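Below: the structure, in C-alpha cells.
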Amino acid sequence: MKHTPKPVIMIIIDTLMTTPLEEAVQTGYAPALHFFMENGRYIPHVVSSFPTMSVNIESTLLTGTYADQHRVPALIWYDEERKRIVNCGTGIKEVIASGFSQFLEDMYVRLNNNYLSKQVKTIHEELAEQGLTSGSINAFVYRGHIVRLVDVPRRLQIMSETESPWAVHTPNTWSLGSFAKVRPFTFTPQTFSGNYKAGFQELKYLLKEKQLPDFMMCGIQDLDLRIHLKGPMDLHGIHKIDRELQHVLNLYPSWEHALEACTWILLSDNGHASMGHKRSHYVIDLRKLLHGFSIIDKGRTKDQNEQLALAVNQRTAFIYSLKHESDKKSVIHRLKKDHRIDIIAWKENGTIQVASGEKEGQFSFSAGSGWVDKYHQYWSIAGDEKLLDLTIKHGVIHYGAYPDGLARLSSSLHSHKGNYLVVTAKPGYEFKDKASPTHLGGAAHGSLHKQESLVPMIVAGTETLPSSDRLVDFKPWLMELLLGKEE
Ligand SMILES: [Zn+2]
C-alpha cells in the first residue's frame with residue numbers, strides 16, 4: 001500500500017462559530033485552537049452548503065458537490081418514490097413520529113447505501129482507488145470501499161423492529177457511536193453517535209497505536225447541542241473541546257512536532273442564528289399557516305387526498321405540492337403574507353423564482369450567460385436582485401447576506417425529485433411541523449443566511465489552502481494534500 005508523505009487529520013467541530021472562537025482564543029479559553037491559529041492559517045469565513053444541516057454538509061465536503069449532485073437534500077425530506085418522509089435524525093419526538101425503525105434504516109443504512117448518489121465519489125472512495133487509506137470517526141456520511149456488517153446496538157434493538165446485520169460500505173478505519181468503534185473500550189453515552197470525548201478517545205487511540213490512516217475525518221458533535229440550548233456565545237463548550245485537543249497534541253514530544261507529523265484541518269460545518277423567546281411569534285407553525293390544506297402525516301405513506309407534505313429543517317423548510325399546481329400557487333400566496341418568512345423559492349419553466357414574505361417584488365435566475373460571480377459561475381438574472389441581496393459591480397455579481405446564494409439555492413431546488421418550494425425563515429425565527437424540535441431562546445440553523453452559512457477554519461502543517469472559500473471546493477485541495485500535486 002502506498003503512503004502519503006503526510007497524513008491529514010480533519011476535525012469537524014460541529015457548530016464552531018467565528019466570533020465565539022475568536023473570543024475563546026483571545027481570552028485564553030482555547031490554548032490548543034490558539035496554537036493551531038498561531039502556527040497555521042485562519043480563515044474566518046468558509047461558505048458551507050445549503051440547507052445548513054449536517055448530513056448535507058458532510059456530503060458536500062466528502063464529494064466536492066452540492067446537493068444537486070450528491071443528492072442528500074437535508075436532514076429531512078419527502079421521498080417521492082417511496083411516498084413518505086425520510087428523516088435522518090431531526091429530533092427524538094419527530095423521529096418517533098416518522099417511525100423509529102424507518103429512521104434507523106434511513107440514517108444508518110440508506111443515507112450512505114441509497115440516498116448519497118453513486119454518480120459522485122467520496123474522498124474515501126477516491127483515496128482507496130489511489131491506494132491510500134482513510135478513516136471516519138462519528139461522521140454520518142462515510143461511504144468507502146470496504147463492505148462491513150454492522151449490528152444494531154442492543155439498546156436500540158429493544159426500540160425497533162429493524163433486522164440486522166446491515167451491510168455498509170466504509171473506509172478502512174470506521175467508528176460511529178455505539179455502532180462501530182476502533183478502541184474496544186471507548187464509552188459512548190449517546191447511542192446514535194459518539195460524544196466529543198468518545199471521538200477524541202478514538203483519535204488518540206489511533207495515534208497511540210500508530211494506526212492513523214492517510215486521511216482521517218473526525219466529527220465532534222456536542223457543541224451543536226449546547227448552542228441549540230444556550231445560544232451562540234457559549235464559550236464553555238469550546239473550552240471543553242479545546243481541552244481534548246490539548247490531550248491529542250500532548251501525545252507528541254511537542255505541539256510543534258504534531259504539525260511536522262500531520263496536516264491539521266479544524267473546520268466547522270454550520271453556524272447558528274439566535275432565536276427569539278416568544279413561541280407564538282418566533283416559531284412559524286407551518287400547519288397553522290397552511291390550515292385548510294390536507295397535509296401528509298409523518299410515518300405514513302401518501303394516500304390519494306393529501307395535497308401537501310412538509311419537511312422542516314429548522315430554519316429552512318421544503319413544502320411539497322403533491323396534487324395540483326394551483327395548491328402550490330395558493331401556498332406561495334399565503335407565505336408571501338407572512339413577514340417572518342425570508343426566502344420563498346421554486347422552479348418554474350427552467351428558472352428559479354424567488355419571492356419573500358418580508359420584501360416586495362420577485363426575482364428569477366437560472367444557470368446560463370449574462371452575469372458572472374466570484375466563483376466563475378454564470379447566471380441569467382431578472383427582476384429585483386435585492387431579494388437575494390445581490391449587488392452587481394462592473395458586471396460581477398457580489399453576494400451579501402446569502403453567500404454563494406445562487407448556486408446554493410439552485411442546488412437545493414435540484415436536490416431531489418418532486419414539486420416543492422424551498423422556504424427560509426428570517427434570523428430569529430424557525431419553522432415548526434407537528435413534532436419537529438424548536439429552539440426558543442437558544443439558536444437554530446438550516447437557512448441560506450450568512451449567520452449559519454459562514455464558518456471558521458484553521459489549517460496547520462501545510463502552506464497550501466483551498467482554491468476558494470467554499471466548502472464545496474475543498475475536495476481537490478484535500479486530494480492534492482494527500483496525493484501531491486499533479487505535474
Ligand atoms: Zn444543530
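As the structure is a computational prediction, the values presented were derived from the model and not from experiment. First listed ligand is number 1; within each ligand, the first listed atom is number 1.
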> Taking only residues two or more places apart in sequence or in another chain, which ones pass salt bridge (charged side-chain N to carboxylate O under 4.0 Å, His left out) with D338?
Replying inline: R340
>> D473: which residues meet the salt bridge (charged side-chain N to carboxylate O under 4.0 Å, His left out) condition with it, sequence neighbours left out?
In response: R470
> What protein N/O/S atoms sit under 2.8 Å from the Zn ion (ligand 1), by chain and number?
Replying inline: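 The answer, once waters are left aside, is D224 OD1, D224 OD2, H228 NE2, H445 NE2.
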> Is T316 reaching over with its side chain to a backbone N or O of G446, donor-acceptor style, under 3.5 angstrom?
Replying inline: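 Here the side-chain-to-backbone pair exists.
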> Excluding sequence neighbours, so at least two apart, what forms side chain to side chain contact (heavy atoms under 4.5 Å, CB included) with Q201?
Replying inline: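 R183, T186.
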>> What I want to find out is whether E125 reaches R143 closely enough, with some N-O distance under 4.0 Å, to be called a salt bridge.
In response: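 Counted as a salt bridge, because a side-chain N and a carboxylate O are separated by less than 4.0 Å.
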>> Does the plane of the ring in H449 sit parallel, tilted or perpendicular to the ring in Y402? Use 30° and 60° as the thresholds.
In response: perpendicular
